[in-house]
K.L.:
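Please find one structure pasted underneath; my questions will follow.
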Amino acid sequence: MRIAGLAITALAGLLSTACYADTTLKLVEVITSPERTEVLKGIVSEYEAANPGVTVEITSLPWGEAFEKLATMVSGGDVPDVVEMPDTWLALYAGGDQLVDLDSHIAGWEHSGTLTDKTLAMGRQSGGKAYMIPYGFYLRAMFYNKKLLAEAGVAEPPKTMDEFMAASEAVSKLPGKYGYCLRGGPGGANGWVMMAATMNGSNEFFTEDGKSRINEPGSVAGIQFLMDMYQKGYAPKDSVNWGFNEIVAGFYSGTCAFLDQDPDALIAIAERMPAEDFAVMPMPVGPAGKAFPTIGFAGWSIFKTTQHEDDAWNLVAALSSPEANATWSKRVGVIPIHKGADQDPYFKTDQFKGWFEELNGDAWVPTIMPTYLEQWGYFTSNVLKDSAQEALLGTKTAQEVADEWAVFLTDEYSKWKANQ
């Protein structure tokens with residue numbers, strides 16, 4: 001009986017040790033949808049199968065409340081091991097010394113050599129250290145309608161801003177057709193910022209002494225470019241009020257020949273247009289031979305408070321592997337992060353060509369919006385939208401709206417700088 005009792009005690013001890021040895025990782029996703037969550041669960045399940053003893057708990061925060069909910073979790077001590085980190089939050093958490101620098105992990109990773117240069121650069125944008133591995137990019141490029149260009153006698157897609165204007169003019173001569181799906185309504189800030197930067201030859205928002213560059217002569221020329229596009233009739237009259245749904249519909253309906261958008265617009269367009277009728281090209285370059293397409297991204301970060309850094313890194317590595325990232329990119333609608341992804345038959349099409357050219361070419365410099373400014377959201381949603389519509393309708397000049405924007409942004413930058 002004593003031997004049996006000892007055996008039972010020993011077995012209980014082993015079971016206790018085994019249970020104690022198991023690891024639970026907390027992963028929080030913040031840009032959620034049923035489709036994205038299912039894809040994430042599938043990749044995590046494969047990770048768990050390859051890592052016995054490690055369990056991953058996924059918490060999905062609704063995007064509209066995610067910033068506040070994650071901040072509450074962190075301040076309350078309920079800190080996840082791994083978090084889906086939007087680009088706009090990275091400076092906040094990295095600046096607070098709350099994230100693991102992943103550079104040493106990346107250096108020893110078998111797939112580090114296939115990460116694109118821009119992937120690494122974006123992951124290191126805060127303080128020059130890799131506080132995240134991006135999982136894909138929302139990058140602006142230009143959709144174009146092949147049939148409309150051919151009908152208008154445009155021999156090839158435009159490469160420069162001047163060619164873009166000329167091609168838009170040619171298409172607009174066709175009955176009921178227009179060159180450009182202008183986003184004059186909600187969410188149109190990206191277009192104004194991109195055109196201003198491209199014509200100015202720089203995507204720096206502020207000078208060294210803190211003044212906004214949006215009213216420099218080149219930037220004003222970019223604002224005037226969009227005004228001319230509208231006022232000369234190369235964009236539909238209604239487009240002064242168009243938002244995302246309207247510009248995408250304007251393109252797939254064949255109303256206009258050009259649309260600058262992110263990869264997430266491709267899903268709706270591909271459902272309604274034959275693949276042979278449209279393609280995606282890089283944004284046209286300006287006088288300096290450069291273009292500055294806006295870019296947004298998110299990725300995977302590890303909080304310093306984790307007690308399981310190696311396991312957390314292995315999870316990030318699994319989520320970021322070429323195979324997992326290809327699956328994620330196709331299902332979620334982002335541009336993948338690994339070199340050679342453009343050779344995947346899914347991506348090796350005219351519909352994805354423009355985005356890969358931008359990511360791999362020196363002529364295209366991704367532009368990250370200054371979302372660190374407290375009133376940036378108010379500026380884009382109200383100040384810029386309202387005054388840009390006035391400019392399109394001819395009640396304000398390009399210089400007038402540029403000066404208004406410059407005063408607002410310079411003041412906001414001054415406030416931000418004072419708090420650093």
K.L.:
Aromatic rings F225 and F164: how do their planes relate, parallel, tilted or perpendicular, breaks at 30° and 60°?
P.N.:
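F225 vs F164 ring planes: parallel.
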
K.L.:
Between N325 and S320, is a side chain to side chain donor-acceptor pair (under 3.5 Å) present by the stated rule, with each step listed?
P.N.:
CA-CA 5 Å; N325 184 249; S320 306; over 6 Å; no

K.L.:
Test R124 against every option in D103, D101, D117 by the salt bridge (charged side-chain N to carboxylate O under 4.0 Å, His left out) rule and name the one that passes.
P.N.:
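Testing R124 for a salt bridge (charged side-chain N to carboxylate O under 4.0 Å, His left out) against D103, D101, D117 leaves exactly one candidate, D103.
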
K.L.:
Quick one: are the ring centres of Y346 and F352 less than 6.0 Å apart?
P.N.:
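Aromatic pair counts; centres sit under 6.0 Å.
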
K.L.:
Ignoring hydrogens and geometry, is there a side-chain-to-backbone donor-acceptor pair from S60 to T32 under 3.5 Å?
P.N.:
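A pair under 3.5 Å: no.
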
K.L.:
Over all heavy atoms of both residues, which pair between S172 and G179 is shortest? Give the atoms and the distance, please.
P.N.:
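Heavy-atom minimum between the residues: OG-N, 3.1 Å.
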
K.L.:
Among side-chain atoms of E48 and T55, is any donor-acceptor pair under 3.5 angstrom?
P.N.:
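Looking only at side-chain atoms, T55 and E48 do not form any donor-acceptor pair under 3.5 Å.
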
K.L.:
Check the pair K159 / E163 against salt bridge (Lys or Arg N to Asp or Glu O under 4.0 Å), numbers first and verdict last.
P.N.:
CA-CA 6 Å; K159 295 181 173 61; E163 291 175 359; 5.9 Å; no

K.L.:
Passes side chain to side chain contact (heavy atoms under 4.5 Å, CB included), M165 versus D228? Steps please.
P.N.:
CA-CA 9 Å; M165 181 70 79; D228 288 345; 4.0 Å; yes

K.L.:
Does any N or O in the side chain of W355 come within less than 3.5 Å of the main-chain N or O of L139, such that one atom is a donor and the other an acceptor?
P.N.:
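Between the backbone of L139 and the side chain of W355 there is a qualifying donor-acceptor contact (under 3.5 Å).
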
K.L.:
Between N419 (side chain) and K415 (backbone), is there a donor-acceptor pair under 3.5 Å?
P.N.:
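Confirmed, N419 side chain pairs with K415 backbone.
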
K.L.:
With under 30° as parallel and over 60° as perpendicular, where do the rings of Y93 and W89 fit, or are they tilted in between?
P.N.:
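The rings of Y93 and W89 sit tilted, inter-plane angle from 30° to 60°.
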
K.L.:
Taking the side chain from Q343 and the backbone from G340, do they hold a donor-acceptor pair closer than 3.5 Å?
P.N.:
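No.
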
K.L.:
How far apart are the closest heavy atoms of P236 and Y230, and which atoms are they?
P.N.:
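Scanning both residues completely, I find the closest heavy atoms to be O-CE1, 3.4 Å.
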
K.L.:
Closest heavy-atom contact between I247 and W242?
P.N.:
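Closest approach of I247 to W242, heavy atoms only: CG2-CE3, 3.8 Å.
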
K.L.:
Is the shortest side-chain heavy-atom distance between F244 and Q261 below 4.5 Å?
P.N.:
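Side-chain contact under 4.5 Å: yes.
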
K.L.:
Ignoring hydrogens, what is the shortest heavy-atom contact between V171 and Y178? Give both atom names and the distance.
P.N.:
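Of all heavy-atom pairs spanning V171 and Y178, the closest is CG1-O, 3.3 Å.
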
K.L.:
Under 4.5 Å between any side-chain heavy atoms of L359 and I335, yes or no?
P.N.:
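A side-chain contact under 4.5 Å exists here.
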
K.L.:
For S75 and T72, indicate whether the former's side chain and the latter's backbone hold a donor-acceptor pair under 3.5 Å.
P.N.:
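Pair found, side chain donor or acceptor close to backbone of T72.
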
K.L.:
Do the non-hydrogen side-chain atoms of F258 and M142 ever get within less than 4.5 Å of each other?
P.N.:
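Result yes, sub-4.5 Å side-chain heavy-atom pair found.
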
K.L.:
Would you call K290 and D362 a salt bridge, taking side-chain N to carboxylate O under 4.0 Å as the test?
P.N.:
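No, K290 and D362 are not salt-bridged.
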
K.L.:
Assert yes or no for the condition that the ring centre distance of Y180 to Y234 is strictly below 6.0 Å.
P.N.:
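Not under 6.0 Å, so no.
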
K.L.:
Would you say the side chains of Y135 and E84 form a donor-acceptor pair under 3.5 Å?
P.N.:
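The answer is yes; a qualifying pair exists.
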
K.L.:
Sub-3.5 Å donor-acceptor pair from the side chain of S387 to the main-chain atoms of V383, do we have one?
P.N.:
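Between the backbone of V383 and the side chain of S387 there is a qualifying donor-acceptor contact (under 3.5 Å).
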
K.L.:
Working to the nearest 0.5 angstrom, can you tell me the gap between T207 OG1 and E216 CD?
P.N.:
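Reported value, rounded in 0.5 Å steps: 7.5 Å.
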
K.L.:
Applying the ring pair (Phe, Tyr, Trp, His ring centres under 6.0 Å) criterion to F408, which one of Y413, F379, W376 satisfies it?
P.N.:
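When ring pair (Phe, Tyr, Trp, His ring centres under 6.0 Å) is applied between F408 and each of Y413, F379, W376, only F379 qualifies.
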
K.L.:
What heavy-atom pair brings G286 and T198 nearest, and what distance separates the two atoms?
P.N.:
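For G286 and T198, the tightest heavy-atom pair comes out as N-CG2, 3.3 Å.
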
K.L.:
Using 0.5 Å steps for rounding, measure from the OG1 atom of T349 to the CD atom of E276.
P.N.:
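Going from OG1 on T349 over to CD on E276, the span is 12.5 Å.
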
K.L.:
Mind checking whether T380 and K385 have side chains closer than 4.5 Å, heavy atoms only?
P.N.:
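Sidechains of K385 and T380: no contact.
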
K.L.:
Show your reasoning for whether side chain to side chain donor-acceptor pair (under 3.5 Å) applies to T37 and E29.
P.N.:
CA-CA 8 Å; T37 301; E29 65 163 338; 2.6 Å; yes

K.L.:
Step by step, would you call V280 with Y144 a side chain to side chain contact (heavy atoms under 4.5 Å, CB included)?
P.N.:
CA-CA 6 Å; V280 178; Y144 66 94; over 6 Å; no

K.L.:
May I have the step-by-step check of side chain to side chain donor-acceptor pair (under 3.5 Å) for Q125 and Y131, ending in yes or no?
P.N.:
CA-CA 9 Å; Q125 71 166 351; Y131 290 116; over 6 Å; no

K.L.:
Applying side chain to side chain contact (heavy atoms under 4.5 Å, CB included) to F143 and Q351, what does each step give before you reach the verdict?
P.N.:
CA-CA 8 Å; F143 290 77; Q351 284 67 46; over 6 Å; no

K.L.:
From L25 CG over to T306 OG1, what is the distance, rounded to the nearest 0.5 angstrom?
P.N.:
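If I round to the nearest 0.5 Å, the distance is 6.5 Å.
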
K.L.:
Measuring from atom NE2 of H338 to atom CD of E323, what distance do you get when rounded to the nearest 0.5 angstrom?
P.N.:
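Taking NE2 in H338 and CD in E323, the distance rounds to 11.0 Å.
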
K.L.:
Evaluate K26 against D81 for salt bridge (Lys or Arg N to Asp or Glu O under 4.0 Å), listing each step before the verdict.
P.N.:
CA-CA 5 Å; K26 295 181 180 179; D81 299 280; over 6 Å; no

K.L.:
So, the side chain of Q231 versus the backbone of A391: is there a donor-acceptor pair under 3.5 Å, distance only?
P.N.:
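Checked: pair present.
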
K.L.:
Taking all non-hydrogen atoms of both residues, which atom of P134 and which atom of M122 are closest, and how far apart?
P.N.:
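So the two residues come closest at CG-CB, 4.1 Å.
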
K.L.:
Examine distances only and state if a side-chain atom of R36 and a backbone atom of L40 form a donor-acceptor pair shorter than 3.5 Å.
P.N.:
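Checking the backbone N and O of L40 against the side chain of R36, no donor-acceptor pair under 3.5 Å is found.
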
K.L.:
Please test S202 against R213 for side chain to side chain donor-acceptor pair (under 3.5 Å), starting from the C-alpha separation and ending with a verdict.
P.N.:
CA-CA 9 Å; S202 172; R213 300 192 63 177; 3.3 Å; yes

K.L.:
Is a side-chain N or O of T410 found less than 3.5 angstrom from the main chain of S212, in a donor-acceptor match?
P.N.:
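It does hold such a pair.
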
K.L.:
Given the rule in the salt bridge (Lys or Arg N to Asp or Glu O under 4.0 Å) test, do K348 and D342 qualify, once you have shown the distances and angles that lead to the verdict?
P.N.:
CA-CA 5 Å; K348 197 175 183 180; D342 54 343; over 6 Å; no

K.L.:
For D386, is there any backbone N or O sitting under 3.5 Å from a side-chain donor or acceptor partner on Q389?
P.N.:
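Checked: no pair found.
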
K.L.:
Considering only heavy atoms from C-beta outward, does the side chain of I223 approach that of W405 to under 4.5 Å?
P.N.:
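I223 vs W405: side chains touch.
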
K.L.:
Quick check: do V82 and V316 have side-chain heavy atoms less than 4.5 Å from each other?
P.N.:
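A side-chain contact exists here, since the closest heavy-atom pair is under 4.5 Å.
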
K.L.:
Before giving the answer on side chain to side chain contact (heavy atoms under 4.5 Å, CB included), spell out for H105 and W313 the whole-Å C-alpha distance, their side-chain angles and the decisive distance to 0.1 Å.
P.N.:
CA-CA 7 Å; H105 290 293; W313 161 252; 3.4 Å; yes

K.L.:
Is the shortest heavy-atom distance from the side chain of T119 to the side chain of F137 under 4.5 Å?
P.N.:
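A side-chain contact under 4.5 Å exists here.
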
K.L.:
Are any of the side-chain heavy atoms of L27 and E57 separated by less than 4.5 Å?
P.N.:
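With C-beta onward as the side chain, the pair stays apart.
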
K.L.:
Run the salt-bridge test on R140 and E358 with the 4.0 Å N-O cut-off and return the result as yes or no.
P.N.:
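Salt bridge flag = no for E358 with R140.
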
